[in-house]
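Step one of this worksheet: look at the structure below.
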Amino acid sequence: MTVTPLGIPRRLLEFTLDGEPVRAPEGSTILDACRAAGKDVPTLCEGDTLTPKNACRVCVVEVEGSRTLVPACSRRAEPGMEVRTGTERARHSRKVVLELLASSVDLSTTPRVAGWLKEYEAKPDRFGPDAARVDEEPRVDNDLYVRDYGKCILCYKCVDACGDQWQNTFAISVAGRGFDARIAVEHDAPLTDSACVYCGNCIEVCPTGALSFKSEFDMRAAGTWDESRQSETTTVCAYCGVGCNLTLHVQDNEIVKVTSPHDNPVTHGNLCIKGRFGYQHVQNRD
Amino acid sequence: MRKRDRSPKTYTRLTHPLVRDARDAPLRRATWEEALDRTARGLAAARGAFGMFSCARATNEMNYVAQKFARVVMGTNNVDSCNRTCHAPSVAGLSAAFGSGGGTSSYEEIEHTDVIVMWGSNARFAHPIFFQHVLRGVHNGARMYAVDPRRTSTAEWAESWLGLNVGTDIPMAHAIGREIIHSGLVNEAFVLRATTGFEEYRALVEPWTLSLAEKVTGVPAAAVRELAHAYARAERAQLCWTLGITEHHNGTDNVRALINLSLLTGHVGRYASGLQPLRGQNNVQGGGDMGAIPNRLPGFQDILDGGVRLKFESAWDTVIQPHYGLNLTEMFEAMEDGSLRAVYCIGENPAQSEADGEQAVRRLRELDFLVVQDIFLTKTAELADVVLPATAGWAETEGTTTNSERRVQRVRRAVTPPGEAREDIDILCELAARLGHDWKYPDAEAVWNELRSVSPDHYGMTYERLAEHQGIQWPCPHTDTLEPPYLHGRLWETDPERRGRPAPFGIVRHDPPVDLTDEQYPIRLTTGRRLDSYNTGVQSGGYASPLRRGEYVELCPEDAERYGVVVGERVRVTSRRGSVLAPVWVDTGLRPGLAFMTFHFPDEVDTNRLTIEANCPIAGTAEFKASAIRIEKVSASGPALR
């Protein structure tokens, strides 16, 4: 007997994307369909391993018949829908969102955002120098990872990854309300006094570098962090028998950080403290 | 920044070979030529008295070559690895029941099951990413039951926690079995068709009433009954266990007692119904699959099968000894009686991982020749005549490993090894050449393809396919199809021909721990892992974990009060074999009379001085989980400290 599991069968549905007819599997989001069609719709809070939170609103598109712009990351495609991704209204909205984000937080370590700022002609400085939402030093209270709230766009991905979507540790939550809302560890505890188990799954999903590896943080501070000189190799963790997949980021023959492939059936992008940080033994060299 | 209170010894990488000129001389630097020549001479002198400790953390390819080295170059089946100290009983128990030693289910299935029994397993700490799959199952509506002497953080997620006395797993399992039978919840069609020995099993469990089980296990009868009914009534159920089941003097019996429950209810061989032993080392499954065990050739094929031997003899152009070799435990015993004189130890640290550690070190010292191939100068390597610097299997070597769900995955070289360190397979081939065997493996893939040619279960797994599918679970006999993610679907076939050999019930009896508690040693010590550390700490000591507190003896609040000790206070912990000093920690997950320690910091607190080498006669695994100890306050004016 040979059985190849195929998963739940899904029908294809048809709709219109920027005037072109497209087909997408039932259950796809508009963003999935855009990506499949090779269209670049920017997003920050969308996470491929997480339920969309609709927080950043960078991915908005126009849907015929909808009064408001629609977040592509969470709206499911429907048969017969007419979607337009690059209209003046959508582009203007993205521009303003990017300006608001880039003026209130430091997006210098957010991948691809510089290109989007340019593409949408966003001018974050027009809100003046006082627009920064948080003005404080990065929090370095342990040897494994660093929190820098000056880069946090409140996308909630870390809360979801630490919470019931993956890790179920619930160390990270939101403290405060309105303008005072901020991501916090048990309101305002040092990490080392919290329930945190240092799995680093929050760093894995953080879109802006507000959460970062201490190794990366230190190298950036020293001016030695250089992604163009880094290689990424996926291998299997050296610890228990679960067989988690690790992607080792190596610069100058040193492992500088460890991530995990998001589409892997064992890990779904997650790791534990040993897998994420326990690599140092191979490079304890005299 | 808060500093860690205790920093464990960190090991630096070995960068060049070391040799010893005389028994008591120190290790000195040597060239590869000298070290390999010395090793070849040492091994040649020990033909007929040789043992290979292969490595459960190295690749499948390395394990394949290591066992081939033992069998072809040294002419012996004495090859084994640390599976002996952890999951050998699972392999023995599963193969006795089903003919194959792998866990029967994939991780994904536990997300879609109805009842999850976590037995003797703190998976939340020991297998965190597997536990994420468990939690998905729980969020999807599965009911989880935790059977464990400790109320662990795994148990926090359970519907109910069955806190049994250490070493009473068989009474618990038998009582569950009896309750299932008496409540008419047996899957009769499955038992009739796919099993043998049911009547004998029924008679075996008949005395184990719920009230007797309550007396012996300490678990309320109602909780046992609830688990029995939930498991038996579930449409799909997963039974998972770890070393809490296997590290006992009767570990294989424990495993069989659990398997009996799956046979009784038909919870095996179907999607989301199965048995899952969670493996402790990254390639302990693969090491056994590759034949680095004394009773099986690669592909888990039985050495006693003449046809199998013939296949390997013609593939390897050699003669295979037609009997089982010695397992790790037996090899240590053979060191004692002088019948094992030389050991080739790859990436293992038995000087610190064996139960009754002092005895293990004494036996290793008595060998005529010990060669250790490792990435660190471990305590075992310090005893060696020759030390060969190797590469780290997971980050410096190409190859594959096999995880707990039998998924073979690619490992890849990401960094260049330090100094003169060389790959394991390369070293083994150099030695084979010096001993008259010209093996040519241009790369790991060539080794893998040789394995594929002799192991039907692996035949379909080319490197290309492994990359394409993000790993493939065995069996995979064809290069164009994949098998279902679970094993033993054949047991559900109606055609007896296709159903094959039925699964026998295990007729196993309760046998309490060997090391009994008494007035002198009133406390039961059990052992396990902490989240951020690993085994003897050689690997995990290398990073700065904020969770690390060093080793301590955990007591419940009542016991801490009874002995008048507080957190952080150093106490003497003594068993019938040895004594250590350790600080106290208080854990409310323990019950009076139960203490907990780990092996993670042997250089500070050598817990294995306390454990007992009482071995499972079938699997050879020692009873790490059940020692009798006493706790003594250490006062400044008291007896001199050792």
Side-chain angles (χ1 to χ4, degrees), chain A residues 1-5 140-144 164 166-168 190-193 196-199 214 231-250 253-255 260-261 263-268 270-275 277-286, chain B residues 1-2 10-13 15 57 107-108 126-130 132 135 139 278-285 375-376 392-396 401-405 407 409-416 418 470-471 478 481-485 489 531-532 534 538-547:
Chain A
M1 181 178 65
T2 297
V3 179
T4 304
V140 188
D141 54 12
N142 71 91
D143 290 320
L144 302 185
D164 62 2
W166 290 114
Q167 180 55 31
N168 291 279
L191 266 180
T192 43
D193 291 343
C196 176
V197 292
Y198 303 90
C199 61
K214 176 111 182 333
S231 62
E232 295 178 20
T233 308
T234 296
T235 186
V236 180
C237 179
Y239 291 98
C240 81
V242 174
C244 294
N245 280 234
L246 312 177
T247 301
L248 307 180
H249 297 246
V250 174
N253 206 39
E254 288 278 312
I255 302 169
S260 180
D263 60 349
N264 182 266
V266 176
T267 54
H268 301 286
N270 300 301
L271 294 171
C272 78
I273 180 172
K274 297 190 294 292
F277 298 107
Y279 57 81
Q280 193 55 41
H281 65 277
V282 297
Q283 45 201 32
N284 281 344
R285 298 167 180 186
D286 272 345
Chain B
M1 189 186 313
R2 196 165 80 169
T10 47
Y11 288 82
T12 52
R13 291 291 299 271
T15 52
R57 279 194 288 275
Y107 304 153
E108 179 203 288
H127 305 92
I129 297 300
F130 170 75
Q132 286 195 350
L135 287 172
H139 291 321
L278 295 164
R279 306 306 218 114
Q281 309 234 14
N282 67 338
N283 199 30
V284 67
Q285 177 73 50
I375 64 172
F376 300 118
W394 64 284
E396 296 168 352
T401 54
T402 309
N403 73 1
S404 277
E405 57 169 358
R407 185 183 295 272
Q409 305 185 99
R410 289 277 282 116
V411 295
R412 297 179 178 91
R413 183 178 177 129
V415 288
T416 312
Q470 305 212 50
H478 308 292
T481 53
L482 295 176
E483 296 295 301
L531 174 64
D532 64 333
Y534 186 73
V538 172
Q539 287 165 279
S540 56
Y543 77 107
S545 164
L547 303 174

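Please read these numbers as outputs of a predicted model, since none were measured by experiment. A, B, ... follow the sequence lines: proteins, then strands. Residue 1 opens every chain.
For chain A, the option among B/P128, B/A126, B/G280 with the highest count of heavy-atom pairs below 4.5 Å is B/G280. In terms of heavy-atom pairs under 4.5 Å with chain A, the best-connected choice from B/E108, B/R407, B/E396, B/Q285 is B/R407. Put simply, of B/T15, B/T402, B/T401, B/V411, the one with the most heavy-atom pairs under 4.5 Å next to chain A is B/V411. Annotation: maximal heavy-atom pairing with chain B below 4.5 Å, among A/E254, A/Q280, A/R285, occurs at A/R285. Most heavy-atom pairs under 4.5 Å with chain A, from the set B/A395, B/S404, B/A414: that is B/A414. Chosen from A/N270, A/V250, A/L246, A/L271, the residue pairing most often with chain B at heavy-atom distances under 4.5 Å is A/N270. The choice from B/N283, B/L531, B/I375 that makes the most heavy-atom pairs within less than 4.5 Å of chain A is B/L531.
In this structure, the portions of A/C272 lying under 4.5 Å from any heavy atom of chain B include both its backbone and its side chain. Proximity to chain B (any heavy atom under 4.5 Å) is shown, for A/V242, by both the backbone and the side chain. With a threshold of 4.5 angstrom between heavy atoms, A/Y239 approaches chain B through its backbone and through its side chain. Only the side chain of A/H268 comes within contact range of chain B, with at least one heavy atom under 4.5 Å from a heavy atom of that chain. Heavy-atom distances place the backbone of A/C196, and not its side chain, under 4.5 Å from chain B. Residue A/L191 does not touch chain B at all, counting heavy-atom pairs closer than 4.5 Å. Looking at B/H139, the atoms closer than 4.5 Å to chain A (heavy atoms on both sides) all sit in the side chain, from C-beta outward. The part of B/Y107 that comes within reach of chain A is its side chain, from C-beta onward, which places non-hydrogen atoms under 4.5 angstrom from that chain. Neither the backbone nor the side chain of A/E232 comes within contact range of chain B, judged by heavy atoms closer than 4.5 Å. Interface residue B/L135: only side-chain heavy atoms are found under 4.5 Å from chain A. Heavy-atom distances place the backbone of B/R410, and not its side chain, under 4.5 Å from chain A.
For the residue pair A/N284 and B/G542, the shortest heavy atom distance occurs at ND2-CA, 3.9 Å. Closest approach of A/V266 and B/E405 over heavy atoms only: CG2-OE2, 3.5 Å. For B/W394 against A/V236, the heavy-atom pair with the smallest separation is CB-O, 3.3 Å. When all heavy atoms of B/R57 and A/A238 are compared, the closest pair comes out as CD-O, 3.8 Å. Between A/L144 and B/A544, the shortest heavy-atom contact is CD2-O, 3.5 Å. Scanning both residues, A/T233 and B/R412, for their nearest heavy atoms gives CG2-CB, 3.6 Å.
If you check the side chains of B/Q470 and A/N245, you find no donor sitting under 3.5 Å from an acceptor.
Atom SG of A/C244 is separated from atom CD of B/Q132 by 8.5 Å, given to the nearest 0.5 angstrom. In this structure, A/C240 SG and B/Q281 CD are separated by 10.0 Å, a value rounded to the nearest 0.5 Å. For the atom pair A/N253 CG and B/T416 OG1, the distance stands at 4.0 Å (nearest 0.5 Å).
Under the 4.5 Å side-chain criterion, counting only non-hydrogen atoms from C-beta, B/V415 is not in contact with A/L248.
B/R13 places a side-chain N or O within donor-acceptor distance of the main-chain N or O of A/V282, the cut-off being under 3.5 Å. Under the 3.5 Å distance criterion, the side-chain polar atoms of B/Q409 are matched with a main-chain donor or acceptor of A/G243.
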For this session: Could you walk me through whether B/L547 and A/Y198 pass the side chain to side chain contact (heavy atoms under 4.5 Å, CB included) test, one step at a time?
Result: CA-CA 8 Å; B/L547 303 174; A/Y198 303 90; 3.7 Å; yes
